[in-house]
Amino acid sequence: MPNLEALRDQPCLTAENVRLVQLDQRHLDGLWQSLRDPEVIRLTGTHATFTREYVAERLAAWPGAAHRADWAVTAVEDGRFLGDAALNELDEANESMSFRIALSGPAEFGKGYGTEATRLVLDFAFDTVGLHRVALEVFAHNPRARRVYEKCGFVAEGVLREALYWEGERHDVLVMSVLASDHRLRWSGGQER
C-alpha cells in the first residue's frame, strides 16, 4: 500500500536547476499569472476560468493532504516561480496516481525545467510513496510535453480520439503511464544514476 504519510509530509525535492516546494499561498501570484497565460491555457486545454479567491482556497487546502502532493516548481538560482506539478487522483487499492505539470509560460519552455521536475516527482512517487503506476494525459498539440514524458519513461497506452475541442478544432488526447518496474531515468541532484 502507498505511504500516505509521505504525501501528507511532502518533502522539498531538488535537482540541478529546479526545486520543488509545497505549493501553497506563498505561490498565489505566480500560479495566478500562470493560469491566465494564453499559451499555458492552450497547452493544458483549460476551458475553466478561475477566480483568484478560488485559487487561494485551493492553495490553502492542499498542504498536508494525504491523497495528493502539489509542488511549486521554483528555480534553484533565485527561487522564482517556474510552474507547478502534482501527483493527484490517488487510487490507493491499485497503488497508482495521476501526474500533471504546467510551466508558467513560454519564457520557461525549452530549458529542461519540466524534465527535471518530472524526474523528481517520479522518484518520489516510486521510491518514497511506493506507487506502482503513474499516469497522465497529454494533448496531441503539445509535442514538447510528450517528448519530456517519453524521456522520463512514460509509455503511450492509447488515444482518446478528438477528446478536446479547442478554438474550433478537435484534438486527440494521448494517455501515457510509467510503472515502477519500467526502465526509467533516475535523477538525483542533477546527475543520472
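- In this structure a side-chain-to-backbone donor-acceptor pair under 3.5 Å is missing from Asp91 to Met97.
- The list of ring pair (Phe, Tyr, Trp, His ring centres under 6.0 Å) pairs with a residue in residues 56-98, not counting sequence neighbours, reads Trp71-Phe124.
- In terms of modelled atom types and a separation under 3.5 Å, the side chain of Glu92 and the main chain of Pro2 share no donor-acceptor contact.
- The closest donor-acceptor contact from the side chain of His141 to the backbone of Arg42 lies under 3.5 Å.
- You'll find the side chain of Val173 stays beyond 4.5 Å of the side chain of His171, heavy atoms only.
- Looking at Ser104, its side chain never comes within 3.5 Å of a backbone N or O of Ser34 through a donor-acceptor pair.
- The CG atom of Leu87 sits 9.5 Å away from atom CZ of Arg68, with the distance rounded to the nearest 0.5 Å.
- Put simply, CG on Leu131 and CG on Asn94 are 11.0 Å apart, with the number rounded to the nearest 0.5 Å.
- Between the side chain of Gln25 and the backbone N or O of Ala56 there is at least one donor-acceptor pair closer than 3.5 Å.
- Rounding to the nearest 0.5 Å gives a distance of 14.0 Å between CZ of Arg58 and CG of Asp24.
- Atom CG of residue Asp182 and atom SG of residue Cys152 lie 13.0 Å apart, to the nearest 0.5 angstrom.
- Salt bridge annotation for Arg147-Glu150: absent, with no cationic side-chain nitrogen under 4.0 angstrom from a carboxylate oxygen.
- Summarising the geometry, atom OH belonging to Tyr149 is positioned 10.0 Å from atom OG1 belonging to Thr115; distances are rounded to the nearest 0.5 Å.
- Listed for the His47 side chain is a donor-acceptor partner under 3.5 Å among the backbone atoms of Tyr165.
- How far CD of Glu116 is from OG1 of Thr14: 10.0 Å, rounded to the nearest 0.5 Å.
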